[in-house]
Amino acid sequence: METNQSTKVTVQALVQAPVEKVWRYWSEPEHITKWNQASESWHAPKAENDLRVGGKFLTRMEAKDGSMGFDFFGTYDVVKLHEQISYTMEDGRTVEISFLNQGNETKVIEIFDAESTHSIEMQQVGWQAILDNFKKYTEESR
């Protein structure tokens, strides 16, 4: 894979919650398992997160019918409290998440290196669906 010519894909959401809550729900395993799926037919039964530079994360993603599943994991490169998280996935692709504090709402912007197996559009739709689930879960949870 040519990492020096990777296509960057951006997804974003405006979450109606302060940045402290958004950060907590993004990073705590008990919350990650509630929102980290692209559709109702999938779920995240397990999440581990060591949110620090050099720390690792792992989220198990599975089809609810048990037909398939995979581990999504990587290592943190940048962690700036309430501002930014960057990590490198196991295949060398990178992801940067920005948390823009706007008072009682937070803009979350994710920029990731596309992979070559699926179309850019399919990847953008999938990552946006997960981010939309995060927004909904965070806004509805007290």
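Just so you know, residue 1 is the first one in the sequence shown, and it goes up from there.
The side-chain heavy atoms of Trp26 and Val15, taken from C-beta on, include no pair separated by under 4.5 Å. In this structure, the side chains of Glu20 and His82 come closer than 4.5 Å at one or more pairs of heavy atoms. Side chains of Ile130 and Asn36 form a contact here, defined as non-hydrogen atoms less than 4.5 Å apart. Between Gln16 and Asn104, every side-chain heavy-atom pair lies at or beyond the 4.5 Å cut-off. In this structure the side chain of Ile120 reaches within 4.5 angstrom of the side chain of Thr7, judged on heavy atoms. Side-chain contact between Gln102 and Lys107: present, with at least one pair of heavy atoms (C-beta onward) separated by less than 4.5 Å.
Heavy-atom contacts from other residues, nucleotides or ligands closer than 6.0 Å to CD of Glu40 number 12 or fewer. Other residues, nucleotides and ligands contribute more than 12 heavy atoms inside 6.0 Å of the NZ atom of Lys8.
In this structure, the separation between NZ on Lys64 and OG on Ser39 is 8.0 Å, given to the nearest 0.5 Å. For the atom pair CD of Glu110 and CD of Gln128, the computed distance is 8.5 Å after rounding to the nearest 0.5 Å. Interatomic distance, NZ of Lys34 versus NE2 of His31, reported as 8.0 Å (0.5 Å rounding).
Under a hydrophobic-cluster definition in which Ile, Leu, Val, Met, Phe, Trp and Tyr are linked whenever side-chain heavy atoms come within less than 4.5 Å, directly or via other members, Leu81 and Val79 are assigned to the same cluster. Ile97 and Leu58 fall into different hydrophobic clusters, where Ile, Leu, Val, Met, Phe, Trp and Tyr side chains are chained together by heavy-atom contacts under 4.5 Å. Hydrophobic clustering places Val95 together with Val11 (ILVMFWY residues linked when any side-chain heavy atoms are closer than 4.5 Å, directly or through intermediates).
Taking 4.0 Å as the cut-off between side-chain N and carboxylate O, Glu139 and Lys135 count as a salt-bridged pair. Using a 4.0 Å cut-off between charged nitrogen and carboxylate oxygen, Lys46 and Glu48 count as a salt-bridge pair.
A donor-acceptor pair under 3.5 Å is formed between the side chain of Asn133 and the backbone N or O of Gln37. Side-chain atoms of Lys21 come within 3.5 Å of backbone N or O of Ser141 as a donor-acceptor pair. Remark: side-chain polar atoms of Glu115 are paired, donor with acceptor, to backbone N or O of Thr117 under 3.5 angstrom. Remark: the backbone N or O of Gln124 is not paired with any side-chain donor or acceptor of Glu121 at under 3.5 angstrom. Looking at Gln123, its side chain does come within 3.5 Å of a backbone N or O of His118 through a donor-acceptor pair.
Considering every non-hydrogen atom in both Pro18 and Thr106, the closest pair reads C-OG1, 3.3 Å. The two residues Ser6 and Asp113 make their nearest non-hydrogen contact at OG-OD1, 3.2 Å. Heavy atoms only, all atoms of each residue included: Ala44 and Ile32 are closest at CB-O, 4.4 Å. When all heavy atoms of Phe134 and Val22 are compared, the pair lying nearest together is CZ-O, 3.5 Å. Between Leu51 and Ser27, the closest heavy-atom pair is CD2-CB, 3.5 Å. The two residues Gly126 and Ala38 have their closest heavy-atom pair at O-CB, 3.9 Å.
Trp23 has its ring centre less than 6.0 Å from the ring centre of Phe99.
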Return a table of donor-acceptor pairs under 3.5 angstrom between the side chains of residues 67-77 and protein atoms on other chains or two or more places apart.
unit_1: Ser67; atom_1: OG; unit_2: Asp65; atom_2: OD1; d: 2.7
unit_1: Asp71; atom_1: OD1; unit_2: Arg60; atom_2: NH1; d: 3.3
unit_1: Thr75; atom_1: OG1; unit_2: Lys56; atom_2: NZ; d: 3.0
unit_1: Tyr76; atom_1: OH; unit_2: Asn49; atom_2: OD1; d: 2.5
unit_1: Asp77; atom_1: OD2; unit_2: Thr88; atom_2: N; d: 3.2
unit_1: Asp77; atom_1: OD2; unit_2: Thr88; atom_2: OG1; d: 2.6

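Through direct or relayed side-chain contacts under 4.5 Å between Ile, Leu, Val, Met, Phe, Trp and Tyr, Leu100 connects to Ile109, Ile111.
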Let me see the working for Trp35 and Tyr25 under ring pair (Phe, Tyr, Trp, His ring centres under 6.0 Å), right down to the final yes or no.
CA-CA 9 Å; Trp35 60 262; Tyr25 279 41; 9.6 Å; no
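Under the 3.5 Å distance criterion, with hydrogens and angles disregarded, a donor-acceptor pair is assigned to the side chains of Gln84 and Ser86.
Residues meeting the side-chain contact (heavy atoms from CB on, under 4.5 Å) test with Glu83, sequence neighbours left out: Lys80.
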